[in-house]
Amino acid sequence: MKSLASLSLWRIIILILPLVSLGQTFEYGWPDNYDKPPQCVDIPVDLRLCQGVGYHQMLLPNLLEHESMAEVKQQAGSWVPLLHKNCDPGTQLLLCSLFAPVCMERPIYPCRRLCENVRDGCSPIMAAFGFPWPHILTCDKFPQDDMCINTPNDTSTSEPNGHPPVCPPCDNEMKMDVILDHMCASEFAIKTKIQEVKRENMDRKVTLQKKKRTIKMGTLKKKDLKKLTLYLKNGADCPCTQLDNTRNTYLIMGRKVDKQYLLTGIHKWDKSNREFKKTMKKLKSHKCPAYENVFK
Amino acid sequence: MRVLALLLAVKAACVLLVSSLTGTGAVNNSGRWWGIVNVASSGNLLTNSKNVQLVLDPSLALLSRRQRKLIRQNPGILHAIAAGLHTAIKECKWQFRNRRWNCPTTHSPNVFGKIVNRGCRETAFVFAITSAGVTHAVARSCSEGAIESCTCDYRRRGPGGPDWHWGGCSDNVEFGRMFGREFVDSSERGRDLRYLTNLHNNEAGRMTVASEMQQECKCHGMSGSCTVRTCWMRLPSFRLVGDYLKDRFDGASRVVYANKGSNRASHRADPRHLEPENPAHKLPSSRDLVYFEKSPNFCSYNGKTGTHGTSGRTCNSSSPALDGCELLCCGRGYKTRMEQVTERCHCTFHWCCHVSCLNCTSTQTVHQCL
């Protein structure tokens, strides 16, 4: 454990060192630590997290120490579903300023305020998927001066609507890209019906019918599949129309956190829907970014 | 008549001795190979490796036959050696920027000047930092795939601990060390005290790079979580190497040739042995720097010893340390002048994407040694 702490500290030190230079007199050029300077490369079309972010080239290695484009894509993949949730207008800007930083003579970090806004708006949704706000996005380490990236039009304030927010795993668009992104960000996916839904503390416990078909096995084992019970994290009181209708067949995605299986996405298995059919067909050939390739 | 004969014999002996010393100086190749850094910088290092070989061909004259052979056997490595030397020189200048001897270099093949022919502390640092530079750059180049005869250190594979595994590209420091020893040490000749101290300091540089390797890890689970973690061994930053060797410089040991040599059998059994000049001190470890000669006074210019002197150096009038004017100027005093400096300030990043700055002018006081 001490070794882990020191390693973590070392990573913090590495991340903080460039920021320290930001506090000093402004000077162009990368910190002279004898490492190879980052290269300016085009943002690839399949880096979906950063399509339409507002610039077209990025630095590699990026500001999260990802050294190859394969690594960037793999790590960015699990963040794409968060963009679809629209939890804060600055989400893509914050993530891409780190995953695909703008090409400048020196690194430009996101502003602390941008980070805090996104964190406050998005961490409840991330918690619903079993993700804490990650260490790599700790807001305290980002600058507060003018030499940083902020939301372009900072005057907009979102009005809270009257409806209670839909449970994040249930709030899904019937769109191929959205479903595929969720599929890649989830550990397993199955086709099945719901047997029972019950409140359990802050969560909702979802019991599935025996008859199941695996779409994506992932980390799931056959014996676990038989008696699979999923939890809608922090979903005791939010609306979820899918769970209210137990007659339908669903595409259900999930992941394992500690000893619990969390529901990360639920779509009606709607064969009459053209978009859904297209997605299922595409699913057979679709390849998620895999980390095995990153560290071969 | 007998007295005359005796006098002639003594004179002959003296002549022989002087001749021998002169000969020793003439054949000294120590540090000669460092000159490739200046030849390399005049060539275009951005060309492909084949052209690099051609452009740098004149520099091969500075290398020993053994070194030239090693370069032929390892295509792409000459580039790394030159880069390593360049890094070592920069680091040396950084570490000694506030001292009387500030690691001056020339653009001639004799990069560090006459300091390499001495056996003082500064000589020890120069040998150690250049050896470390080559080791570091070669190991780095292996990982980058720039040298055909070596790769990442793939010995580290599979599970490394309960919640992480080896992966990625571990820097190949063993190849760097091995090549460094073969290449750097082959320019040393002889069996005397200078030879032994140079070998020792070269090894100290290599050992420092190897022992300061650190494990680095990446979390690449979902959303950056640490459910999946991969670790590899990474070279230290060269600043870290320089800091370490500078500490060793400050605590360097003055050594003499081991006196056990009076016994023939003992001399043959252990011919390469250094021991501290002061018997009360401990034996220097393999990572300590060693020297055998007192440092010259670096205060004034001396063509014979090759010292530049501190006249014209910038100093700090309020510091009592080595960079203070009193010490750096060796009591000769200093002159003060006001200098106007314009810097970029109040920079703002504009979306997307450019940076705009104002120009701020300030007046700085500069002190220079007389």
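To find a chain, count down the sequence lines: A is the first, B the second, and so on, and within it residues start at 1. None of the values given here were measured: they were computed from a predicted structure. Both backbone and side-chain heavy atoms feed into the values below; hydrogens, waters and symmetry mates do not.
- Annotation: the span from B:Cys357 atom SG to A:Met147 atom CE amounts to 6.5 Å, rounded to 0.5 Å.
- Atom CZ of B:Phe349 is separated from atom CG of A:Asn150 by 10.5 Å, given to the nearest 0.5 angstrom.
- Residues B:Val355 and A:Met104 approach most closely at CG2-CE, 3.4 Å, considering heavy atoms.
- Taking each heavy atom of B:Cys353 and A:Val102 in turn, the nearest pair found is SG-CG1, 3.7 Å.
- Taking every heavy atom of both residues into account, B:Trp351 and A:Gly54 meet most closely at CZ2-CA, 4.1 Å.
- Note: A:Leu64 CG to B:Cys219 SG = 11.5 Å, rounded to the nearest 0.5 Å.
- In this structure, chain B has heavy atoms under 4.5 Å from both the backbone and the side chain of A:Ile149.
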